[in-house]
Amino acid sequence: MKNKHYSLNPRALVTGGAGFLGSHLCERLIKEEFDVICLDNFFTGQKRNIAHLIGSPYFDLIRHDVTFPYYAEIDQIYNFACPASPPHYQYDPVQTTKTSVHGAINMLGLAKRTRARILQASTSEVYGDPSVHPQVESYWGNVNSIGIRSCYDEGKRCAETLFFDYYRQNRVEIKVVRIFNTYGPRMHPNDGRVVSNFIMQALRGDDITIYGDGRQTRSFCYVDDLIDAIFLMMHSHAAFTGPVNIGNPGEFSMLELAEKILSLTGGSSKIVFHPLPQDDPRQRRPDIALAESELNWTPRVTLDEGLRETIAYFRRLSQ
Ligand code: NAD
Ligand code: UDP
Ligand code: UDP
């Protein structure tokens, strides 16, 4: 792809670029010969995620909060800024909503001015506690607007609304991706999500904490598969805006996940049960037919393979 600004490489802006997914995306874009601006306020992101990219002539790191305007000349925007784990996004819920809503407005304003294509990291949380299973893109969801998850769920839903209104009103080229639970190396070890929690607990010999009875389900996508899909989506034909589900349709209960992680780590932790948090979805699995047909994408990494890589990463961190 040629850029509009007469430098050698096309320019991509990754908001939330120092986070788990954003850092993998920055790395991929540099490999694809993009000039990358990584923008992050380091709320949940970590310098170690992108330390190996600092020094590359194709990488700029900027400390900035997306709730404030940002000006640059760019060709593509990947809007990933937003805390993603429930304890993190519930820590300062007002800031979480601001990040999704004001952040989307600023990045869409930037896309409108520069005519950049813009991709939104939306989420399966827009389906809430779904009554349609597996979830298809045409399902409108079942979301509580006043609960403890609402700052995240409704913030992301409002961001989707803004994307489609900028598309209709200002002809901004948008791409909306609904990401289902994704895991892998560079997840924050203390971010409170289930995969990182169970692995860290198993490696330390601490109790494995299951919330509720452990029969609720999730579908887990390995990070490399997700990044492939994000890249394909950004470069898909302009008329394909999404929203498109990206995730791995394998569905596991939290009890199954705990047992898998115990067997892969060789840990002997005890499983204990804690109360289920409010509004915790009972089931979740993506229907990925649209991604398969429009992007010619399907996830390749099995849960066992992906967990092995992730466990190896957390082992190295703990040494
Ligand atoms: P993460 O917490 O590791 O990354 C989020 C990044 O955004 C961090 O680096 C954080 O410092 C940064 N950030 C937060 N608020 C910001 C602000 N106001 N200004 C600038 N930077 C800010 O989480 P992640 O798992 O990498 O998630 C990245 C994106 O993908 C999020 O938008 C999340 O909602 C979305 N997503 C992730 C998953 C998943 O399973 N990992 C699932 C669905 C959606
Ligand atoms: N914006 C930005 N960078 C730009 C252009 C706009 O951060 O390069 C912000 C700007 O501050 C504004 C928001 O994006 O608040 C929305 O821009 P838009 O042009 O849609 O609206 P307006 O400027 O008319 O409020
Ligand atoms: N969960 C759990 N133990 C933990 C952390 C999470 O049983 O230590 C459960 C949580 O209640 C939810 C599922 O695992 O049902 C996935 O939680 P996560 O926070 O990873 O993602 P989300 O709920 O946002 O899908």
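For ligands, and for the atoms within them, numbers begin at 1 and follow the listed sequence.
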Got the closest protein heavy atom to atom 24 (O) of ligand 3, with its distance? Arg149 NH2, 3.1 Å

Below a 4.0 angstrom heavy-atom separation, can you tell me which part of Arg215, side chain or backbone, both or neither, approaches ligand 3? neither

Sorted by chain and residue number, the residues with a non-hydrogen atom under 4.0 Å of ligand 1 are Gly16, Ala18, Gly19, Phe20, Leu21, Asp40, Asn41, Phe42, Phe43, Thr44, Gly45, His64, Asp65, Val66, Phe80, Ala81, Cys82, Pro83, Ala84, Gln95, Thr99, Ala121, Ser122, Thr123, Tyr152, Lys156, Ile179, Asn181, Thr182, Arg193

For Met107, which part has a heavy atom under 4.0 Å from ligand 2: side chain, backbone, both, or neither? neither

For the residue pair Phe80 and Tyr78, categorise the inter-ring angle as parallel (less than 30°), tilted (30 to 60°) or perpendicular (more than 60°). tilted

Is Phe273 atom CZ crowded by more than 12 heavy atoms from other residues, nucleotides or ligands, each under 6.0 Å away? yes

Region of Arg284 engaging ligand 3 - heavy atom pairs below 4.0 Å: side chain

Do we see a donor-acceptor contact under 3.5 Å between the side chains of Thr97 and Glu154? no

Counting heavy atoms only, which part of Val195 comes closer than 4.0 Å to ligand 3: side chain, backbone, both or neither? neither

Check each atom of ligand 2 against the heavy atoms of Lys112 and keep those under 4.0 Å away; list them by number with element. 18 (P), 19 (O), 20 (O)

Looking at non-hydrogen atoms alone, which of Tyr70, Phe68, Tyr166 comes nearest to atom 2 (C) of ligand 2? Tyr70

Using the ring of each side chain (for Trp, its six-membered ring), is Phe34 parallel, tilted or perpendicular to Phe231, with breaks at 30° and 60°? perpendicular

Polar contacts were defined as any N/O atom of the residue lying under 3.5 Å from an N/O atom of the ligand; does this apply to Tyr211 and ligand 3? yes

Before signing off on this row, confirm whether Val194 and ligand 3 have an N or O atom pair separated by under 3.5 Å. yes

Close-contact set for ligand 2 against Ile105 heavy atoms, below 4.0 Å: 13 (C), 14 (O), 16 (C)

Kindly compute the distance separating CZ (Arg157) from OG1 (Thr123), expressed to the nearest 0.5 Å. 11.0 Å

Quick one: nearest non-hydrogen protein atom to atom 21 (O) of ligand 3, plus distance? Asn181 ND2, 3.4 Å

Which of the atoms in ligand 3, numbered in the order shown and given with their element, are less than 4.0 Å from a heavy-atom of Asn197? 4 (C), 5 (C), 8 (O)

Can you tell me the protein heavy atom closest to atom 10 (C) of ligand 3 and the distance? Asp280 OD2, 3.4 Å

Crowded around Asn296 CG? As in, over 12 foreign heavy atoms under 6.0 Å? no

Which residue and heavy atom of the protein sit nearest atom 13 (C) of ligand 3, plus the separation: Met254 SD, 3.7 Å

When you measure from the centre of the six-membered ring of Phe42, is the NZ or CZ of Lys47 closer than 6.0 Å and no more than 45° off the axis? yes

